[in-house]
Amino acid sequence: MSSQKVKEKSKPTNLLAGATGDWEVIVGMEVHAQVASNAKLFSGASTAFGAEPNSHVSLVDAAMPGMLPVINKECVAQAIRTGLGLKAQINLKSVFDRKNYFYPDLPQGYQISQYKQPVVGEGEVEIDVDGETMKIGIERLHLEQDAGKSLHDQHPDYSYVDLNRSGVALMEIVSKPDLRSSKQAQAYVTKLRSILRYLGTCDGDMEKGNLRADVNVSVRKPGDKLGTRCEIKNVNSIRFIGQAIEYEARRQIDIIEDGGTIDQETRLFDSAKGETRSMRSKEEAHDYRYFPDPDLLPLELTQDYVDSLKSNLPELPDEKRSRFMKTFGLSAYDADVLVAEKALADFFERACLSSRDHGVSATSLIASWVINAVLGRLNKDGITIDQSPISPKQLGDIAGLIGTGEISGKIAKDLFEIVWTEGGDPADIVEKRGMKQVTDTGAIEKAVDEIIAANPEKVEQAKAKPSMLGWFVGQVMKATGGKANPAAVNEILKTKLGI
Ligand code: MN
């Protein structure tokens with residue numbers, strides 16, 4: 001027999017344990033992403049956030065009789081760019097339909113959406129979870145109008161309606177039910193958001209409601225057919241998406257294991273309680289009486305137009321990640337962290353260019369400084385990379401100073417803090433404050449001799465137990481104010497201690 005192991009078919013790792021055995025969780029997402037555009041989908045009214053209620057409402061948005069919608073070309077271009085970024089089929093002909101329902105914040109009595117013929121067809125998004133890369137299928141992307149907003153908490157007796165959002169363009173991005181855990185679902189939305197932000201087609205600001213997810217959850221025994229799903233509406237943070245799925249899957253498993261059945265329904269996630277609760281029994285598509293909007297012609301595109309948008313797409317996260325790994329020699333993990341936000345990736349690249357002015361290539365070093373020092377400090381100060389007090393050039397200079405051996409890694413941390421809080425040219429600061437690394441072996445030897453002379457017992461211990469060396473290194477660094485070159489310190493100590 002050969003010693004080669006037969007690879008066993010791996011058991012799905014995302015199963016949830018129940019009283020009657022393991023359960024598989026099936027998740028599909030419908031993400032509503034607000035199109036980055038100055039004007040609304042069918043009117044010229046502004047989409048600016050935070051304005052006085054009802055100050056950005058055209059006659060079209062207020063559904064005044066006789067007003068006709070006119071499609072905003074930029075919103076269509078944004079949808080196509082997004083489709084291309086999702087490696088999706090772009091449909092050269094698509095149709096706008098009316099989705100009929102009544103709600104006080106929907107003055108038309110219908111939403112203009114796309115039903116049977118969306119502008120974008122099947123595509124995919126690649127996610128990485130626990131070191132495994134998966135492709136999540138995209139079913140479609142269509143354009144539709146947002147509704148207005150009902151305000152219920154302004155007055156004890158009345159509700160108010162704000163139509164500023166009425167008619168704002170949304171892209172509804174529908175995934176296939178390919179997700180198998182809350183973690184995968186979170187990774188999917190995180191990746192999708194990153195792609196949209198790279199493309200500049202949606203700012204992805206979940207706090208403003210510019211990206212919200214409807215999460216479809218069902219459970220089944222592995223190998224069984226799909227179970228009945230519940231849709232959790234409008235979940236507006238990555239963390240809540242995870243919590244909502246965990247809660248909902250467990251709720252369904254408990255019901256089935258107690259002999260019950262799942263009702264198809266629409267549910268709400270209560271973030272304060274961390275649970276989902278029933279909102280209404282799920283409506284079917286036919287309840288909406290969809291029909292093509294007679295006020296709008298079918299949307300027809302030329303292949304040339306689509307190609308011209310394609311040729312102007314920016315580099316996207318997956319491509320940037322491969323390039324960072326290949327040209328900068330970064331680990332998959334470092335590359336992942338850096339490309340998640342375009343601004344962070346740009347910061348890293350510019351810092352690398354700066355460090356080259358010092359004649360060193362310090363890409364891994366810079367990656368680690370951006371990920372640990374910069375991100376850590378931004379987090380502490382509660383600011384974003386665009387607001388970083390340290391510039392890519394300054395960080396590149398610090399890395400250059402480490403790379404050329406002018407400062408030690410320990411001193412670099414102090415230098416980083418000085419530049420962060422006070423600003424200034426890193427090389428100047430090092431010069432003026434005497435922070436240069438001591439590579440002069442004479443000075444190091446002197447410090448070593450003094451420490452050896454003052455600690456005879458420790459010297460004996462170190463001879464028997466070489467791991468004591470670390471203690472001596474620490475003492476020398478302390479005595480030299482952290483400026484001694486650690487490699488030189490090690491070398492000299494080993495010789496003098498005879499280990
Ligand atoms: Mn929708």
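Starting from 1, each residue takes its place in the sequence as its number. Counting starts at 1 for both ligands and their atoms, in listed order.
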Chemist: Among residues at least two apart in sequence or on other chains, which ones pass side-chain hydrogen bond (donor to acceptor under 3.5 Å, both in side chains) with Arg251?
Modeler: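 With sequence neighbours excluded, Arg251 shows a side-chain hydrogen bond (donor to acceptor under 3.5 Å, both in side chains) to Glu248, given in chain and number order.
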Chemist: Checking Ser278 now: which residues fulfil side-chain hydrogen bond (donor to acceptor under 3.5 Å, both in side chains) with it, not counting sequence neighbours?
Modeler: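 Partners of Ser278 by the side-chain hydrogen bond (donor to acceptor under 3.5 Å, both in side chains) criterion, ordered by chain and then number, come out as Glu265.
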Chemist: Nearest heavy-atom pair of Tyr247 and Gly274: which atoms, and what distance?
Modeler: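 Heavy atoms of Tyr247 and Gly274 come nearest at CD1-O, 3.6 Å.
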Chemist: Side chains of Gln117 and Ser94 only: does a donor on one sit below 3.5 Å from an acceptor on the other?
Modeler: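 Short answer, no.
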Chemist: With a cut-off of 2.8 Å, how many protein N, O or S atoms neighbour the Mn ion (ligand 1)?
Modeler: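 Near the Mn ion (ligand 1), the number of protein N, O or S atoms below 2.8 Å is 3.
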Chemist: Please, which pairs that meet side-chain hydrogen bond (donor to acceptor under 3.5 Å, both in side chains) have at least one residue in residues 169-179, sequence neighbours excluded?
Modeler: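 Residue pairs passing side-chain hydrogen bond (donor to acceptor under 3.5 Å, both in side chains), neighbours aside: His32-Glu172, Glu122-Lys176, His142-Glu172.
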Chemist: Would you please indicate yes or no on a ring centroid separation below 6.0 angstrom for Tyr288 and Tyr110?
Modeler: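 Here the rings of Tyr288 and Tyr110 have centres that are no less than 6.0 Å from each other.
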